Amino acid sequence: MLTVQGINVYYGAIHALKDLSINVKQGEIVTLIGANGAGKSTLLKTLSGLLKPKTGSIEFLDKSIVNQSVQAIVKEGLIHCPEGRRVFANMSVEENLELGAYLQDSSSLAADFQRVYNTFPRLLERKKQQAGTLSGGEQQMLAMGRAIMGHPKLLLLDEPSMGLAPLLVQDIFKIIKEVNDAGTTVLLVEQNAHQALKIADRAYVLETGRVVLEGDAKELADSDEIKMAYLGH
Amino acid sequence: MKNINKKFWMGIIVALAFYGVVKVLLTTGVLSDVNQSMLLLIGVNIMLAVSLNLITGITGQFSIGHAGFMSVGAYTSAILTLDYNVPFVPAIIAGGLLAAVFGVLIGMPTLRLNGDYLAIATLGFGEIIRIIMLNTEFVGGASGLSGIPAKTTWTMLFFFTLISVVLINNFIRSTHGRACIAIRENEIAAEAMGINTTRYKIIAFTIGALFAGIAGGLSAHTFYVITPGSFNFLKSFEIIVMVVLGGLGSTAGSIVGAVFVTLLYTYLREFPEWRMIIYSIVLILMMIFRPSGLLGTTKFSFGKFGKKEAKANDAIEGSSAP
């Protein structure tokens, strides 16, 4: 579904992603783990078109998206749910979701709302509330719900568990699994490697802009290297 | 939707009634010429405030160059009616269109600039326009243009103002308006939702400039004389005061702000040196008692429209939810 071949991305003089290649297959949950500054978020931003790679190719559904605008990429069904939630704080929950469907035609709007409210019943309870007054967990649900409104074929989630209470983290991961079971492919960036590897099919480990390990999520979770470096056992 | 429509038509009817009453009072002489020129000034200021609100309040792009757009419209329309005998309405609209072209030009840097930097760039734009006018003989230099026919009547002004407010408000309420608000709220998230943020910023600047240009043309044809000095940055600042005072992001607020500032301006005419002091005091008081103000963090409520309907929907969806 998504094939990234040898991309190099720079922030000015800083070489952020070095000759990086990954692929994601239809229906999978693939997780990217790695320390701060490893390039995880940079990779997601590059995939969604917010950053442009200097060299390398990105193919989504067998089409190159390297030189496409963000809008065109979103339209193709590759939707990025950015780090730190970034809800539209002064709008209601409902209006936030509506903007998620910005590029969709309005005929499917009612069904989309229903789908999101079924996944996140909490959002239905709070649909008239201002997004800025929601709790952190609810805001994360809203950010994910908003991304789902855009009919993602591939959903890029950037640290959905950041800053949430442990119980909520479990909820969020459960929901990611549900969204995936309903047919959306997920590329998940996480600091919480333990939880991420539990729900993922495959994983890539990034270090300073390079893929240093890849493989089956269960196997990686059991490997000594990962345990030492990221799981703290 | 029905409620919004009903509200809309109610608003139009109230506005037309207001127009009629004032028209009668003017023709019967109950309202003096002084009152009339104050009314005209209020209308012009409403257009300026509502159009700046689209740029600053809705799209969140802080602009201190609004008087620049106004002067482009004022000079263009005045030259057209003075030197080329163009009829009034086409001249006003031509002024607005040229101002809109400048809006596109100044909108371009917003690709790169944010916040303070954008504010400084727009301030610079306004001053550049003023200095160019000041040094161009063709437009009268420092003494400006005079003898502009006073063709702005109450009727003319009222309908221009009404149409601007309705058009801008409809834009704000449309999907495009939502996109602009999303940019104000969070540019990165807006971009990730597939909103073309650059395009909408330029659209906001262009529409804002268009109506500022029209307002400029109308004001030029109200007061006979325009000089570069009447479009300095204090004028831009005055428009910002109107918008901020009324509440950033609210069309109704901008109208209230424009009326309030114009009245203040008119009644303080004899003490011009007090004006800026009073503006400042008003702004300080507002920041103390309504601190949600200055750079686009004010509470916004579309939710107030159609409350009844929303409740009914809640009941339906609440019962069907798991």
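Computed from a prediction, not measured in an experiment: that's the story for all the values here.
- Taking CG of A:Leu103 as the reference point, atom CE of B:Met193 lies at 9.5 Å (rounded to 0.5 Å).
- Screening residues 54-81 of chain A for salt bridge (Lys or Arg N to Asp or Glu O under 4.0 Å) gives A:Lys63-A:Glu76 as the qualifying pairs, with residues at least two apart or on separate chains.
- In this structure, B:Asn186 CG and A:Arg86 CZ are separated by 5.0 Å, a value rounded to the nearest 0.5 Å.
- Annotation: side-chain hydrogen bond (donor to acceptor under 3.5 Å, both in side chains) contacts involving residues 24-49 of chain A, sequence neighbours excluded, comprise A:Tyr11-A:Thr42, A:Glu28-A:Arg202, A:Asn36-A:Gln191, A:Ser41-A:Glu83, A:Ser41-A:Asp158, A:Ser48-A:His80.
- Of all non-hydrogen atoms in B:Ala189 and A:Pro82, the two that sit nearest each other are CA-CG, 4.5 Å.
- Heavy atoms of other residues, nucleotides or ligands lying less than 6.0 angstrom from CG of B:Leu167 number more than 12.
- Interface remark: A:Leu99 contributes backbone and side-chain atoms alike to the contact with chain B (heavy atom separation under 4.5 Å).
- Scored by the salt bridge (charged side-chain N to carboxylate O under 4.0 Å, His left out) test, A:Glu98 finds B:Arg178 as partners (sequence neighbours excluded).
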Output, in order, the C-alpha distance, side-chain angles, deciding distance and verdict of side chain to side chain contact (heavy atoms under 4.5 Å, CB included) for B:Ile181 and A:Glu95. CA-CA 11 Å; B:Ile181 296 169; A:Glu95 285 164 344; over 6 Å; no
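- Residue A:Tyr102 touches chain B through its side chain alone, counting heavy-atom pairs closer than 4.5 Å.
- Counting heavy-atom neighbours within 6.0 Å of A:Lys52 NZ, excluding the residue itself, gives a total above 12.
- Contact record, A:Phe88 with B:Ala182: CE2-O, 3.4 Å, taken as the closest heavy-atom pair.
- Residue A:Phe120 places its CZ atom among more than 12 non-hydrogen atoms of other residues, nucleotides or ligands, all under 6.0 Å distant.
- Against chain B, the residues from residues 65-72 of chain A that qualify, each with a non-hydrogen atom under 4.5 angstrom away, are A:Val70, A:Gln71 in number order.
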